[in-house]
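Sequential numbering from 1 along the given sequence is applied to the chain's residues. The structure displayed is predicted, hence computed values, not measured ones. Order of appearance sets the numbers: ligands from 1, and atoms from 1 within every ligand.
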Amino acid sequence: MNRKITVVGNWKMHGSKSHVSEFFAALGAHHFKESASIQMESVVCPPFIYLDHAAKLLEQNPKCELGAQDVSAHQAGAFTGQVAATMLAEVGCKYVIVGHSERRQFCQETDDIIAEKFLAAKSAGLTPILCVGETQAQREADLTASVVVGQLQALLAKAGAAAFAQAMIAYEPIWAIGTGLTATPEQAQQVHGLLRLTIAEYDATVAASLPILYGGSVKPNNARTLFSMPDINGALVGGASLNAQDFLAICDAAL
Ligand code: PEP
């Protein structure tokens, strides 16, 4: 086994209890391909309210891992509406997305808050998936490198590169999320390479084993070429992850 590809489905605020049941039934019935050289791991992140239902379905047929779409930076207390990392771990989550561009945009999450969330996730034993990415205007102004590297800095300053052990980064160009526009494999590889190099400047060992996922309109028809790039270790999939057949086709494209 010399490569691992992780496919993470972010359902955002979509779905219903019956959708969860149908989705996991399709997953349970699917025969994942196997390969001697590539390991594929799939992760599904439904809304908080459905995590427990999904966890119970997965107990009977553990075909994928469970993740959450967000986490509180706090351990416990008077934080109405928030969900602690320990609670996510308790219901069976292994992963949590932090710093998704929609939370940066609509919930005013800063790099500092996101770093706190990332560290809260780690202290509860969860694997955080840190999202970074530039807007269309930033790309056109040639600011992609400084934006994505800047988004790592708060965490590097707080916790050093060691924070990225047992963690993941997702490069999600904002202009590609939910738009049908995908970064070309070469554009994505360029940013992934830069992210890995940035971490390597602090710790080459952590950087070498750090999974860096690509997100932004990943579909069954473009996943394979993205996965063929050396620094693309998987995908964070929004829209296509709601449809079990599309999600499974993306998983199968890893092998
Ligand atoms: C996402 O939600 O992170 C995402 C990448 O969405 P989509 O795949 O729909 O672009």
Side-chain angles (χ1 to χ4, degrees), residues 5-15 19-20 23 40-51 54 64-71 93 95-107 109 111 114 117-118 121 126-136 138-139 144 147-148 151-152 167-185 187-189 191-192 195 211-227 229 231-254:
I5 298 288
T6 303
V7 180
V8 181
N10 171 19
W11 286 10
K12 312 191 188 206
M13 200 172 72
H14 292 294
H19 176 76
V20 175
F23 184 95
M40 193 283 300
E41 179 184 43
S42 61
V43 181
V44 177
C45 305
F48 285 136
I49 191 79
Y50 302 130
L51 284 170
C64 74
E65 298 292 345
L66 207 53
Q69 299 174 20
D70 182 37
V71 64
C93 285
Y95 291 93
V96 62
I97 299 167
V98 296
H100 192 281
S101 63
E102 288 151 15
R103 295 207 57 89
R104 292 177 189 262
Q105 184 184 351
F106 302 126
C107 306
E109 288 191 8
D111 287 334
I114 293 160
K117 290 184 172 206
F118 183 105
L126 299 172
T127 299
I129 304 168
L130 172 69
C131 299
V132 299
E134 82 287 2
T135 62
Q136 178 82 53
Q138 288 165 333
R139 174 161 282 266
T144 301
V147 168
V148 299
Q151 287 169 332
L152 302 182
M168 294 184 177
I169 295 177
Y171 168 55
E172 296 210 301
I174 295 167
W175 50 270
I177 298 178
T179 58
L181 299 171
T182 319
T184 63
Q187 281 174 323
Q189 167 59 33
V191 178
H192 284 227
L195 291 167
I212 306 179
L213 315 181
Y214 168 77
S217 298
V218 176
K219 308 285 177 206
N221 64 3
N222 60 21
R224 192 177 298 279
T225 46
L226 287 160
F227 295 156
M229 304 310 279
D231 287 301
I232 298 184
N233 308 110
L236 178 52
V237 186
S241 73
L242 279 158
N243 177 302
Q245 297 319 319
D246 285 350
F247 181 69
L248 292 168
I250 293 170
C251 294
D252 285 344

Non-hydrogen atoms of S217 versus ligand 1: any pair closer than 4.0 Å? yes
Measuring centre to centre across the rings, with the benzene-like ring taken for any Trp, is F23 within less than 6.0 Å of W11? yes
Looking only at protein heavy atoms, which one is nearest to atom 5 (C) of ligand 1, and how far off is it? E172 OE2, 3.0 Å
Is there a donor-acceptor contact under 3.5 Å from the side chain of R104 to the main chain of E109? no
Looking only at N/O atoms, are N10 and ligand 1 under 3.5 Å apart anywhere? yes
Closer than 3.5 angstrom, by distance alone: can the side chain of Q69 be matched with the main-chain N or O of C45 as a donor-acceptor pair? yes
Could an N or O of ligand 1 be found under 3.5 Å from any N or O of G178, whether backbone or side chain? yes
Provide the number and element of each atom of ligand 1 under 4.0 Å from a heavy atom of G216. 5 (C), 10 (O)
Over all heavy atoms of both residues, which pair between L213 and T6 is shortest? Give the atoms and the distance, please. CD2-O, 3.7 Å
For atom 9 (O) of ligand 1, what's the nearest protein heavy-atom neighbour? Residue, atom name and distance, please. G239 N, 2.8 Å
Which part of A176 is near ligand 1, with near meaning a heavy atom under 4.0 Å away: side chain, backbone, both or neither? backbone
Between S241 and G9, is there a donor-acceptor pair closer than 3.5 Å when you use the side chain of the first and the backbone of the second? no
Side chains of E134 and Y171, donor plus acceptor under 3.5 Å: yes
Consider only side-chain N and O atoms of D111 and Q151, and report whether a donor and an acceptor are under 3.5 Å apart. no
Measure the distance from atom 2 (O) of ligand 1 to every protein heavy atom, then report the residue, atom name and distance (to 0.1 Å) of the closest one. K12 CE, 2.6 Å
What's the shortest distance from atom 1 (C) of ligand 1 to any protein heavy atom, and which residue and atom give it? H100 NE2, 3.3 Å
Looking only at protein heavy atoms, what sits closest to atom 4 (C) of ligand 1 is G238 N, 3.5 Å
